[in-house]
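Report on one structure; see the data block that follows.
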Amino acid sequence: MGFKWEGLSHRVTPMRIALFYALIGEAWILLSDHILGFIVTDHQLYLRLEMAKGWLFIAATALFLYFLFQREYNTLRRYEKELQKDRENLERYRLLSEDTLDLILFIRPDGQIIDANEAAVKRYGYTRQELTNMPLYKLCLPEDKLSVQQYLKKAPQGIQLESRHIAKDGSAFPVDICAKGATSNGKPIIVSIIRDISKRKKAEELLTHQAQHDALTGLPNRYFFNESLCQALTQSRNKNGKLAVMFLDLDRFKLINDTMGHNLGDQLLKKVAERVGQNLRAGDTLARLGGDEFLILLPDIRNDQEVVFVSERILKVLTQPIIIEGNEVYMTTSIGISLYPNDGSDMETLVKQADTAMYFAKEKGRNNYQFFNHELNIKANERLTTEYSLRKALAREEFVLHYQPQVDLESGCIVGLEALVRWQSKERGIVPPTAFIPIAEETGLIVPIGEWVLRAACIQNVAWQLQGYPPMRMSVNISARQFREVNFIKVVSGILEETGMDAHLLELEITESVAMENGAASTEKLSRFKELGIRISIDDFGTGFSSLNYLRRMPIDTLKIDQSFIRDISSDQNGEEVVTAIIQLAKNLRLKVIAEGVETNTQWSFLKNQKCDEMQGFLFSKAVTSEEAEMLFEGPII
Ligand code: C2E
Ligand code: CA
Ligand code: CA
């Protein structure tokens, strides 16, 4: 950068100085000669004065030149000092800029890049040459052109902003820009420190993704679903449109998870998510709520039929076996559906109604779908009140046991009793177990209720013996949930110990599905009971899908033929055949067989002929209170 006469005032250019000098010189010579000739006549004096005039002129111009150059010299010195300072500044910027990972651009106020550091050269992919001759906006996205103008305006005062820049290869990357005004060569420049924040943005995106998605399946989570539902609701409201929320809950997933292990359970969930997802439209949202629960949003539907179609397709694709590590797993699901605007107008209501409908789909026998309707809500509310009252009933000890005698068909003697629970509700009167046991099962309340039943039955049994009645077997119903409890064996043995009940007189009634549920684990549990001397009976036999092979290996004592088969005796041939077959099977397996629900003499004599061991039913007695039972013990033998 060469020296220009910029330190001088505009009017004092070298040409002007020369002209000025020539003009003054000429004027001086002409004027002084004339004046001198006019006033001095003596030739000698004239010559001397002429010389003095020359000397004077030289002295005056020397003085003039001295002041002129002195002034310029000072300006130059000052200018050079500033230049040196600028150079040092720029050098300092450069040194700093080369050392940093940040991209640094030196920009003229008009937006022209004048220098860049090594990091910038590398990141943008241009050579330093290319970069230093480029207008800034070439590094920015076309849509940011206007913001570049704003940026150039504000940068000299200092500015920080986030934007996106483009490299030579056309790839855009997010940047954080911090700019400040400075001077270079005495001219204002902008020093722009740019940080490539791709990694930070990715990390932020990852965090947002994680906050909105389920880690196992990668599906949106509840939070994300709610956001989508909110948006879809706004759109539907504006367009007077319809939308559907579907609540999916896999059937018996817990059973599979428990028997096959959590690892396989996880894989199953992934496969299910995949399959369901493949059968939705692009705009639909499938989310996992957690466990085996999923939500689907169908925005913008025209009619209910569309939802029926989607539901049926989902049920159908899930009936195909899922292969996991060589195992074929069959998975079904229950679907509850709520519709906007019919069933609710806000997010919470729609999800709640779909959940309620799902619950009733399960009740209807699983593997089906159910639309929400207001009757379901009433039923659901009833369930809630029952649950609340049941909790109170437990605390207030509102449960009582009734006992139904089990009679030996050969001797006609009472050989055992089945303890059947009743709820004596202050508000509702006597509530039969069928009205509250399923709710107690679901809510887990069956565990403390069942424990109470077992203890009360044992206490009664011991009391009867103390009163002098002959030892009688006591059968107690055990629900699936109770049987699954890890400390169940401990609870039972604790109660036996606490009440002084003879283990051989206790019989636990479980259903086929409970016995089969956990395979080896269940058999193991049953064996532990056997070791304690407790008897095991299979309740409602014939209604489940027991594999006979399995049954053979199970440590059980009794089969209770389900009432439905006994009811069919004499009404049709088939019933009799089934009962005969079960009795034969029990005999083969050396199991005791009890017929339940015997109401008629025909049934009684048929069973007796078939050598059924025992019977239980209204023909002899319904379930009665302990006092009534005592009267039966004392009554005549049939
Ligand atoms: P379950 O174990 O099959 O009990 C037999 C049911 O059949 C009893 O109904 C009994 O009163 C009824 N029954 C007995 N003889 C006859 C008959 O000749 N004809 C007809 N139609 N019915 C007869 P209940 O007491 O209402 O019990 C219903 C179910 O509730 C029981 O079926 C059992 O599954 C459950 N349950 C009862 N008490 C308990 C309990 O303490 N714990 C658990 N977990 N479940 C229980
Ligand atoms: Ca029973
Ligand atoms: Ca039964």
Side-chain angles (χ1 to χ4, degrees), residues 390 393-394 398-407 414 416-424 430-461 473-485 488 491-492 495 506-515 535-544 546 556-571 579 582 592-604 607 614-625 628-629 632:
L390 267 180
L394 200 63
E398 288 183 355
F399 297 108
V400 284
L401 287 186
H402 281 190
Y403 303 90
Q404 187 175 37
Q406 296 172 329
V407 179
I414 299 174
L417 295 123
E418 177 176 4
L420 292 156
V421 71
R422 303 286 179 261
W423 174 15
Q424 278 182 324
I430 296 265
V431 185
T434 41
F436 69 88
I437 294 278
I439 296 168
E441 277 256 3
E442 249 168 59
T443 52
L445 278 170
I446 192 66
V447 176
I449 294 176
E451 202 176 316
W452 180 89
V453 169
L454 185 64
R455 184 174 288 109
C458 290
I459 291 172
Q460 183 60 71
N461 192 281
R473 207 178 51 224
M474 182 64 90
S475 297
V476 177
N477 292 288
I478 301 299
S479 88
R481 184 88 176 239
Q482 256 181 299
F483 189 76
R484 260 190 239 130
E485 288 283 294
F488 183 51
V491 168
V492 176
I495 289 176
L506 180 64
E507 185 164 72
L508 302 181
E509 292 194 5
I510 55 172
T511 59
E512 287 164 87
S513 51
V514 173
R535 298 173 61 87
I536 303 292
S537 161
I538 300 294
D539 203 356
D540 306 336
F541 184 75
T543 53
S546 293
I556 52 174
D557 304 275
T558 311
L559 287 190
K560 288 188 85 173
I561 309 175
D562 191 63
Q563 312 189 4
S564 55
F565 302 114
I566 307 299
R567 211 174 295 135
D568 287 347
I569 295 176
S570 76
S571 65
V579 173
I582 295 177
K592 191 186 281 294
V593 57
I594 304 184
E596 274 194 290
V598 180
E599 293 181 352
T600 65
N601 281 317
T602 323
Q603 292 163 350
W604 180 69
L607 290 163
E614 293 171 18
M615 71 101 168
Q616 184 184 339
F618 293 171
L619 180 67
F620 183 76
S621 168
K622 61 178 181 111
V624 293
T625 61
E628 288 167 330
L632 287 173

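Just so you know, ligand 1 is whichever comes first in the structure, and atom 1 is the first atom listed for that ligand. Remember, it's a predicted structure, so these values are computed and weren't measured experimentally.
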Hey, is ligand 1 close enough to [X] that some N/O pair sits below 3.5 Å?
X: Phe618; result: yes
X: Asp539; result: yes
X: Gln482; result: no
X: Val421; result: yes
X: Gln404; result: yes

Glu596 contact mode with ligand 1 (heavy-atom cut-off under 4.0 Å) |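 For Glu596, the contact with ligand 1 is made by the side chain alone.
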Heavy atom of protein inside 4.0 Å of atom 18 (O) of ligand 1, strictly below =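 Answer yes: something from the protein, a heavy atom, is under 4.0 Å.
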What do you think, any protein heavy atom under 4.0 angstrom from atom 25 (O) of ligand 1?
-> yes
Does Ser537 bring an N, O or S atom to under 3.0 Å of the Ca ion (ligand 2)?
->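 Ser537 does not place any N, O or S atom closer than 3.0 Å to the Ca ion (ligand 2).
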Would Glu509 count as a contact for the Ca ion (ligand 2), in the sense that one of its N, O or S atoms lies under 3.0 Å from it?
-> yes
If you take all heavy atoms of [X] and [Y], which pair is closest and at what distance?
X: Ala457; Y: Ala419; value: CB-CB, 4.1 Å
X: Trp604; Y: Leu619; value: CB-CD2, 3.5 Å
X: Pro405; Y: Lys622; value: CD-O, 4.0 Å

Nearest non-hydrogen protein atom, [atom]:
atom: atom 10 (C) of ligand 1; value: Leu420 CD1, 3.9 Å
atom: atom 41 (O) of ligand 1; value: Val453 CG1, 3.5 Å
atom: atom 46 (C) of ligand 1; value: Asn477 CB, 3.8 Å
atom: atom 6 (C) of ligand 1; value: Gln563 NE2, 3.5 Å

Numbering as shown, the atoms of ligand 1 that approach [X] to under 4.0 Å (heavy-atom distance):
X: Glu418; value: 2 (O), 4 (O)
X: Ser479; value: 44 (N)
X: Gly617; value: 15 (N), 18 (O)
X: Asp540; value: 3 (O)
X: Glu599; value: 17 (C), 18 (O), 19 (N), 20 (C), 21 (N)

Hey, are Lys560 and Glu507 close enough for a salt bridge, meaning a charged N less than 4.0 Å from a carboxylate O?
-> no
With a 4.0 Å cut-off, would you call Glu451 and Arg455 a salt bridge?
-> yes
Output yes when a side-chain donor or acceptor of [X] lies under 3.5 Å from a complementary backbone atom of [Y], and no otherwise.
X: Asp539; Y: Thr511; result: no
X: Gln603; Y: Ile566; result: yes
X: Arg481; Y: Glu441; result: yes

Roughly how far, to the nearest 0.5 Å, is [atom2] of [Y] from [atom1] of [X]?
X: Ile449; Y: Ser479; atom1: CD1; atom2: OG; result: 9.5 Å
X: Leu420; Y: Gln404; atom1: CG; atom2: CD; result: 6.5 Å
X: Gln563; Y: Phe618; atom1: CD; atom2: CZ; result: 7.5 Å
X: Ile594; Y: Glu614; atom1: CD1; atom2: CD; result: 4.5 Å

Going by the angle between their ring planes, with limits at 30° and 60°, are Phe436 and Trp423 parallel, tilted or perpendicular?
->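 Rings of Phe436 and Trp423: perpendicular, as their planes differ by over 60°.
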When you check the side-chain N and O atoms of Gln406 and Gln616, is any donor under 3.5 Å from an acceptor?
->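 Yes, because at least one side-chain N or O of Gln406 sits under 3.5 Å from a partner of the opposite role on Gln616.
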Give the atom name of whichever N/O/S atom in Asp539 sits closest to the Ca ion (ligand 2).
-> OD2
Closest to the Ca ion (ligand 2), which N/O/S atom of Glu418 is it?
->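 Nearest N/O/S atom of Glu418: OE2.
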Can you give the angle Asp540 OD1 - the Ca ion (ligand 3) - Glu596 OE2, rounded to 10°?
->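 Value, to the nearest 10 degrees: 160°.
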Any Arg567 heavy atom less than 4.0 Å to ligand 1 | no
Which option, Ala419, Ala457, Pro433, owns the non-hydrogen atom nearest atom 27 (O) of ligand 1?
-> Pro433
